[in-house]
Amino acid sequence: NNKIVFPELFFTDKNLVGRDVLKISRNLSDLKGIFADAEAFERMPQNQLAYEVSSFLPEKEGTPGGLYFGITYLYPGKVGNEYMMTKGHYHANVDRAEFYWGLEGEGMLILMDGQRNVWAEHVFPGSLHYIPGGVAHRMANTGSSLFSFAACWPSDAGHNYAEIAENGFSARLMEVNGVPHLI
Ligand code: PAN
Ligand code: ZN
């Protein structure tokens, strides 16, 4: 397993030394309902690993002024013609912003503002993406290898998954003639 390693935690603040990195994983079953082709989804093994997130959360959730850091490892694949993607969310504190940057592999950052306008940015190793407050965000792996990206967000941002679970994004990233299209 040669995926990019989590940075070495190197802090002079004694309170941070030895803090654990939180690891979560999402299987296909955790992504039920987010893909357009529900039949293709049901035919896939529900225990298939979709993505993993390793996070360093040095502050208590909700602390104003603190920062969180995480790396997401998004595996390649498609559900029907739709690229494998993260659940996506607004921040619970909706005006909180976030940085994403590409580490390995390639994908698209899908963004949606409060008026449900959707646009996307190409993510590749070294690309930096600023997600303003009020903008929902989701990543899709458009390549055939592991897509890893890092994120930095405020410790008082929180996650609002319900809004996207109920209403989705107003556009999807589909493969058409071998290339990604926002539809
Ligand atoms: C990221 C995301 C991570 C997984 O750390 O939480 O990429 O995506 P979902 O949370 O949408 O499943 C982030 O945006 N934090 O705010
Ligand atoms: Zn976020």
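As the structure lists them, so they are numbered: ligands from 1, and atoms in each ligand from 1. Numbering of residues begins at 1 and proceeds along the displayed sequence. Note: hydrogens, waters and symmetry copies are ignored here, and every other heavy atom, side chains too, is used. All figures in this text were calculated on a predicted structure; none of them were measured in a lab.
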### Message
Among all protein heavy atoms in this structure, tell me which lies nearest to atom 3 (C) of ligand 1, with the distance rounded to 0.1 Å.
### Response
Thr72 OG1, 3.3 Å
### Message
With a 4.5 Å cut-off on side-chain heavy atoms, are Ile34 and Phe41 touching?
### Response
no
### Task
Mark up the atoms of ligand 1 that fall under 4.0 Å of a heavy atom belonging to His137, in ascending order.
14 (O)
### Task
Answer whether the closest heavy-atom distance between the side chains of Leu57 and Ser155 falls below 4.5 Å.
no
#### Entry: Sub-4.5 Å side-chain heavy-atom contact between Ile110 and Met139
no
### Contact check, side chains of Leu103 and Ile71, non-hydrogen atoms, under 4.5 Å
yes
### Query
If you measure every N/O of Phe149 against every N/O of ligand 1, is any gap under 3.5 Å?
no
### Query
Between Trp101 and Phe69, how do the two ring planes meet: parallel, tilted or perpendicular, split at 30° and 60°?
tilted
### Query
Is it true that Tyr73 and Tyr75 have ring centroids separated by less than 6.0 Å?
no
### Query
Does the gap between the ring centers of His129 and His137 come in under 6.0 Å?
no
### Task
Could you check atom 8 (O) of ligand 1 against the protein and tell me its nearest heavy-atom contact, residue, atom and distance included?
Thr86 CB, 3.6 Å
### Query
Is it true that Arg138 lies under 4.0 Å from ligand 1, counting heavy atoms only?
no
#### Entry: Proximal atoms of ligand 1 relative to His91 (non-hydrogen, under 4.0 Å)
16 (O)
### Message
In terms of relative ring orientation, are His122 and Phe124 parallel, tilted or perpendicular, with 30° and 60° separating the classes?
### Response
tilted
### Query
Can you tell me if His91 has an N, O or S atom under 2.8 Å away from the Zn ion (ligand 2)?
yes
## Note on the structure
heavy-atom search around atom 4 (C) of ligand 1 in the protein gives Tyr51 CE1, 3.7 Å
### Task
List the closest protein heavy-atom neighbour of atom 10 (O) of ligand 1: residue, atom name, distance to the nearest 0.1 Å.
Tyr161 OH, 2.5 Å
### Task
List the closest protein heavy-atom neighbour of atom 13 (C) of ligand 1: residue, atom name, distance to the nearest 0.1 Å.
Glu98 OE2, 2.9 Å
### Under-4.0 Å heavy-atom contact with ligand 1, by part of His159 that carries it
side chain
#### Entry: N or O pair under 3.5 Å between His89 and ligand 1
yes
### Summary
Taking the Zn ion (ligand 2) as the apex, His137 NE2 and Glu98 OE1 span an angle, rounded to 10°, of 90°
### Summary
Of all protein heavy atoms, the one nearest atom 1 (C) of ligand 1 is Tyr100 OH, 3.5 Å
### Message
Quick check on Gly88 - does any of its heavy atoms sit under 4.0 Å from an atom of ligand 1?
### Response
yes
### Task
Before accepting this row, confirm whether a basic side-chain N of the pair Lys23/Glu52 lies closer than 4.0 Å to the acidic partner's carboxylate O.
no
### Message
For a 4.5 angstrom cut-off between non-hydrogen side-chain atoms, does Ile164 reach Tyr90?
### Response
yes
